[in-house]
Amino acid sequence: MGDVRAEPDFITSFRGGWEAFAELDEVIWNPISRATVLRSQPRFDERVLDACAGDGASALPTAELVGPGGVVDAVDLAEPLVEMMRERAGERMPQLRPQVGDVTTWPYTGYDLVQCVLGILFFEDPAAGTRHLVECVRPGGRAVFTVWATGAMDRIGELLAEALPTDDERVPSFDDARRATIVGADTAGNFAHWLTERGLAEVRAEVVPRHLDLDPELAWRLVLGTGFRAFIGGLDDESREAVRERYVAGLSRGPATVDLTTLIAVGHRPAD
């Protein structure tokens, strides 16, 4: 499974709250994962690494497509999400192998397909972690990566930044480094170039636009069920409720929509 490392901040912030992540499946994770799988095109009998698999939004449909003769190693650091995925698969998908592990040090190679949906942003070193995943692909095999596009999730960040207390040491600093995009990889062209530098060839990246109307309940769920949760993870119930009230009030002062546009890139590892 690779070396044991310190627990990332986003894992720590979700302790006891993974249900909030899973509750966004139909709103965020499943549609984006379906768009990714449509482009990664898993084939019968293929061997696949689904990196940062979460609760199985992309791994489960991939396992169906590779069939009983294939293998899908679905790997994530969050044990609660891996357990959710295992429960959802039940006994009907022996080809799906949910595993707790760090994909940036994953020791196995030779996969026909490696795919990672909205995961590389959370790597300690996104460039190095992505290069490692590319190296897990067999020569001539393919890799598919999905990231947020420029502006994606910005509305949630803006609302939350306005609602957070400015003098509470329990709240991490909110700055541009906390945005949902990867610097230098936030447009289709830039993302394709960025992945080429990580070792992929013939990279094609496209924009997949999506916008979602916000109501107060959904807007707050998008904090609780995403990486933004880290900003309120250290607060007590009373302080968190005060943030929620200010956050929801902010909806009336701007567009009640959120941009969920993604970039999906497909490339191949050069054959030897």
Side-chain angles (χ1 to χ4, degrees), residues 4-25 27-29 32 52 54 76-81 102 104 118-129 147-186 211-262:
V4 176
R5 301 191 309 172
E7 190 175 68
D9 290 343
F10 79 96
I11 293 285
T12 302
S13 69
F14 266 97
R15 283 199 174 279
W18 289 109
E19 294 81 1
F21 176 97
E23 287 172 0
L24 291 175
D25 278 349
V27 177
I28 298 185
W29 316 130
I32 293 174
C52 307
D76 199 281
L77 275 173
E79 185 173 359
L81 292 181
D102 182 352
T104 67
L118 300 178
I120 62 178
L121 174 67
F122 296 104
F123 294 167
E124 182 177 346
D125 184 337
V147 296
W148 295 115
T150 299
M153 297 294 283
D154 278 2
R155 180 61 176 148
I156 302 303
E158 291 165 0
L159 289 168
L160 185 58
E162 293 173 358
L164 290 170
T166 58
D167 56 353
D168 192 325
E169 62 182 13
R170 298 172 297 177
V171 178
S173 173
F174 200 112
D175 53 34
D176 286 342
R178 298 281 184 162
R179 290 188 179 275
T181 52
I182 296 174
V183 175
D186 54 359
H211 292 76
L212 194 65
D213 291 334
L214 291 175
D215 58 42
E217 179 185 357
L218 177 57
W220 188 238
R221 285 169 57 200
L222 289 173
V223 173
L224 297 180
T226 67
F228 287 115
R229 186 186 182 97
F231 294 98
I232 60 171
L235 298 177
D236 55 57
D237 291 344
E238 182 178 355
S239 299
R240 185 179 296 190
E241 177 59 20
V243 170
R244 189 195 68 80
E245 291 177 357
R246 292 192 294 269
Y247 172 86
V248 169
L251 281 173
S252 64
R253 298 193 295 271
T257 60
V258 62
D259 186 348
L260 298 178
T261 300
T262 54

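All residue numbers refer to positions in the sequence shown, counting from 1.
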J.: Could you pull out all residues at least two apart from D25 that satisfy salt bridge (charged side-chain N to carboxylate O under 4.0 Å, His left out)?
T.: R88
J.: Which distance, rounded to the nearest 0.5 Å, do you find between the OG1 of T104 and the CG of D125?
T.: 9.0 Å
J.: Take atom CG in D236; do more than 12 heavy atoms of anything else shown fall under 6.0 Å from it?
T.: yes
J.: Output, in order, the C-alpha distance, side-chain angles, deciding distance and verdict of side-chain contact (heavy atoms from CB on, under 4.5 Å) for F228 and L222.
T.: CA-CA 8 Å; F228 287 115; L222 289 173; over 6 Å; no
J.: Between side-chain atoms of residues 248-260 and protein atoms elsewhere (two or more places apart, or another chain), which donor-acceptor pairs fall under 3.5 Å?
T.:
unit_1 : atom_1 : unit_2 : atom_2 : d
S252   : OG     : A249   : O      : 2.9
D259   : OD1    : T261   : N      : 2.8
D259   : OD1    : T261   : OG1    : 2.6

J.: Rounded to the nearest 0.5 Å, how far apart are CZ of F231 and CG of L164?
T.: 7.5 Å
J.: Check whether any side-chain heavy atom of P165 lies under 4.5 Å from a side-chain heavy atom of V243, and answer yes or no.
T.: yes
J.: How long is the span from the CG atom in L160 to the CH2 atom in W220, to the nearest 0.5 Å?
T.: 6.5 Å
J.: Please report the interatomic distance CD1(I120) to CD1(I182), rounded to the nearest 0.5 Å.
T.: 3.5 Å
J.: Has W29 got a side-chain atom pairing as donor or acceptor with F21's backbone, closer than 3.5 angstrom?
T.: yes
J.: Quick one: does any side-chain atom of D186 pair with a main-chain N or O of T150 as donor and acceptor, under 3.5 Å?
T.: no
J.: Please determine whether side-chain contact (heavy atoms from CB on, under 4.5 Å) holds for the pair L224 and L24, giving the CA-CA distance in whole Å, both sets of side-chain angles, and the decisive distance to 0.1 Å.
T.: CA-CA 10 Å; L224 297 180; L24 291 175; over 6 Å; no
J.: Applying salt bridge (charged side-chain N to carboxylate O under 4.0 Å, His left out), can you list everything that pairs with E245, at least two apart in sequence or on another chain?
T.: none
J.: With side chains defined as the heavy atoms from C-beta onward, is the minimum distance between V147 and L121 less than 4.5 Å?
T.: no
J.: Tell me which pairs pass salt bridge (Lys or Arg N to Asp or Glu O under 4.0 Å) where either residue lies in residues 212-228, with sequence neighbours left out.
T.: none
J.: List the residues meeting salt bridge (charged side-chain N to carboxylate O under 4.0 Å, His left out) with E79, not counting sequence neighbours, and say none if there are none.
T.: none
J.: Would you name the heavy atoms of F123 and C52 that are closest together and state the gap between them?
T.: CE2-SG, 3.6 Å
J.: Once salt bridge (charged side-chain N to carboxylate O under 4.0 Å, His left out) is applied, do any residues pair with D168, and if so which ones, sequence neighbours excluded?
T.: R170
J.: Can you tell if the side chain of I32 reaches within under 4.5 Å of the side chain of W148, non-hydrogen atoms only?
T.: yes
J.: When rounded to the nearest 0.5 angstrom, what distance separates CD in E241 from OH in Y247?
T.: 13.5 Å
J.: Can I232 and V223 be said to form a side-chain contact (heavy atoms from CB on, under 4.5 Å), step by step?
T.: CA-CA 9 Å; I232 60 171; V223 173; 3.9 Å; yes
J.: Measure the spacing between CG of L118 and CE of M153 and express it to the nearest 0.5 Å.
T.: 9.5 Å
J.: Listed by chain and number, what are the side chain to side chain donor-acceptor pair (under 3.5 Å) partners of R246, not counting sequence neighbours?
T.: none
